[in-house]
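Each residue takes its place number in the sequence, starting with 1. Since this is a predicted model, take the numbers as computed values, not measurements.
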Amino acid sequence: MTTVTRAILERHSARAFLNKSIPLSIVREIIEIARHTASSSNMQPWRVTAMAGSDLEQLKAAVKQSLAANSAGEGSEYNIYAAHLKDPYNSRRLKCAEDMYATIGIGKENKLGRLMQFARNFDFYGAPVGMILSIDRAMEQGQWADTGMFLQSILLLAHERGLAACPQAAWAAMHKTVRAHLDLPPELIVFCGISLGYRDASQPINSLVTERASLEEIADLRGFALEELNRPAPVSP
Ligand SMILES: Cc1cc2nc3c(=O)[nH]c(=O)nc-3n(C[C@H](O)[C@H](O)[C@H](O)COP(=O)(O)O)c2cc1C
């Protein structure tokens with residue numbers, strides 16, 4: 001069995017998938033286990049819709065139609081990013097995008113190429129399963145964090161089963177079509193989509209391995225013995 005350490009270190013978002021379906025039993029199992037994710041006061045604020053086959057194709061077709069009418073999308077119901085991102089977040093975000101486009105040779109000047117790659121979001125990157133993760137709009141920031149943890153559970157459980165996934169906030173920008181098509185109740189906000197399938201290792205875009213800030217940049221360790229602090233953290237899968 002994959003250890004949690006291995007799953008966290010080896011999981012990478014996939015943006016190209018094999019044309020191979022996933023048995024319903026696996027999708028159910030992932031959601032069944034992800035249900036056990038911790039949440040503040042055990043409120044479990046998440047809802048998920050998983051689609052395959054014609055249901056998935058119909059949603060993609062509806063979104064395609066909506067995008068053809070209005071390529072700017074429908075505007076998300078929550079702020080995915082701050083309007084003016086400060087550093088280091090802005091530079092990390094830009095680097096992530098540049099590194100991704102570099103894997104497929106799409107330069108800064110190739111605006112159309114970038115737009116077309118972005119539009120692949122709405123094809124669930126060709127994955128055999130697409131999910132829509134939503135949250136009740138009555139929920140506050142704490143429960144949004146809980147829903148993020150639920151998302152992480154899905155990603156790690158998928159990895160453990162030899163699957164790959166890509167969380168996609170892009171789907172929030174098509175919430176009207178998603179809501180109408182899936183008959184989502186008005187109290188739900190579309191948080192993100194998730195592409196789920198078997199990683200196509202032959203596709204250059206899947207070679208992307210994003211960087212992480214160092215432990216020193218994100219952690220403040222206090223009250224530990226000095227010799228312990230100077231010892232590097234062991235990372236053993
Ligand atoms: C909540 C959330 C939303 C994301 N939205 C998108 C998206 O719309 N499209 C996409 O291609 N990747 C999306 N990503 C993937 C991130 O770009 C990716 O997780 C990040 O670059 C780190 O790379 P890794 O997942 O390979 O470790 C999203 C990730 C998260 C957690």
Side-chain angles (χ1 to χ4, degrees), residues 12-22 48-83 85 90 92-134 151 154-155 158 163-182 184 188-210:
H12 303 295
S13 292
R15 294 180 179 85
F17 295 87
L18 298 177
N19 182 15
K20 180 179 170 186
S21 60
I22 308 174
V48 63
T49 307
M51 290 154 285
S54 59
D55 278 71
L56 182 64
E57 292 312 315
Q58 282 164 19
L59 173 65
K60 292 197 297 192
V63 164
K64 203 171 166 187
Q65 206 175 5
S66 170
L67 279 170
N70 175 16
S71 61
E74 299 164 353
S76 60
E77 287 194 280
Y78 72 97
N79 294 326
I80 299 173
Y81 297 113
L85 261 188
N90 193 43
R92 285 180 193 159
R93 183 188 176 195
L94 293 175
K95 170 139 184 41
C96 169
E98 287 314 315
D99 287 352
M100 185 189 77
Y101 288 122
T103 64
I104 46 177
I106 298 182
K108 257 197 184 76
E109 72 297 337
N110 188 352
K111 299 265 187 291
L112 182 63
R114 291 190 170 203
L115 208 63
M116 282 170 68
Q117 173 56 32
F118 180 74
R120 301 264 310 127
N121 269 291
F122 305 110
D123 188 39
F124 280 111
Y125 292 122
V129 169
M131 294 187 188
I132 295 292
L133 186 52
S134 43
L151 169 63
I154 290 178
L155 301 182
L163 294 167
C166 186
Q168 297 169 267
W171 277 92
M174 297 308 293
H175 68 98
K176 288 183 186 161
T177 304
V178 171
R179 179 181 311 286
H181 199 77
L182 300 183
L184 285 188
L188 291 183
I189 291 189
V190 173
F191 167 35
C192 68
I194 309 172
S195 296
L196 183 70
Y198 296 91
R199 174 185 295 270
D200 185 346
S202 73
Q203 292 301 314
I205 196 153
N206 281 342
S207 64
L208 177 67
V209 176
T210 48

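Expressed to the nearest 0.5 Å, how far OG of S13 lies from CE of M100 amounts to 10.5 Å. Put simply, CZ on F191 and CD on E77 are 14.0 Å apart, with the number rounded to the nearest 0.5 Å. For the atom pair K60 NZ and M174 CE, the distance stands at 14.5 Å (nearest 0.5 Å).
Closest non-hydrogen pair, I194 versus L155, comes out as CG2-CD2, 4.3 Å. Shortest non-hydrogen contact noted between N121 and W171 is O-NE1, 3.1 Å. Closest heavy-atom contact between A164 and R199: CB-CB, 3.8 Å. When all heavy atoms are compared, the tightest approach of G197 to P128 is CA-CD, 3.6 Å. What you find for P204 and I104 is that their closest heavy atoms are CB-CG2, 4.5 Å. R15 and L208 make their closest contact through NH1-CD2, 3.7 Å (heavy atoms, listed as atom of the first residue, atom of the second, distance).
No more than 12 heavy atoms of other residues, nucleotides or ligands sit less than 6.0 Å from atom NZ of K176. Atom CG of N79 is surrounded by 12 or fewer heavy atoms from other residues, nucleotides or ligands within 6.0 Å.
Scored by the side chain to side chain contact (heavy atoms under 4.5 Å, CB included) test, R114 finds E98, Y101, I106, K108 as partners (sequence neighbours excluded). Legend: residues meeting side chain to side chain contact (heavy atoms under 4.5 Å, CB included) with K20, ordered by chain and number and at least two apart, are L18, Y198. Applying the ring-ring contact (aromatic ring centres under 6.0 Å, His included) test to Y125 and every residue at least two apart in sequence or in another chain returns nothing. Partners of A50 by side chain to side chain contact (heavy atoms under 4.5 Å, CB included), not counting sequence neighbours, listed by chain and number: V27, I31, M131. Applying the side chain to side chain contact (heavy atoms under 4.5 Å, CB included) rule to A201 yields no partners; only residues at least two apart in sequence or on another chain are considered. For Y81, the ring-ring contact (aromatic ring centres under 6.0 Å, His included) test picks out no residue, with sequence neighbours left out.
Taking a cutoff of 4.0 Å between a charged side-chain nitrogen and a carboxylate oxygen, R179 and E74 do not qualify as a salt bridge.
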Verify side-chain contact (heavy atoms from CB on, under 4.5 Å) between T49 and L184, making sure each step is shown before the conclusion.
CA-CA 9 Å; T49 307; L184 285 188; 4.2 Å; yes
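A donor-acceptor contact shorter than 3.5 Å links the side chain of S195 to the backbone of F124. A donor-acceptor pair under 3.5 Å is formed between the side chain of N206 and the backbone N or O of A16.
Side-chain contact between T103 and D99 is absent, with no heavy-atom pair separated by less than 4.5 Å. Contact check for V129 versus L56: no side-chain heavy atoms found under the 4.5 Å cut-off. Taking 4.5 Å as the limit, some side-chain heavy atom of L163 sits within range of a side-chain heavy atom of L196. Using a 4.5 Å heavy-atom threshold, the side chains of I22 and F17 count as separate. Put simply, the side chain of I132 reaches to within 4.5 Å of the side chain of M51, judged on heavy atoms.
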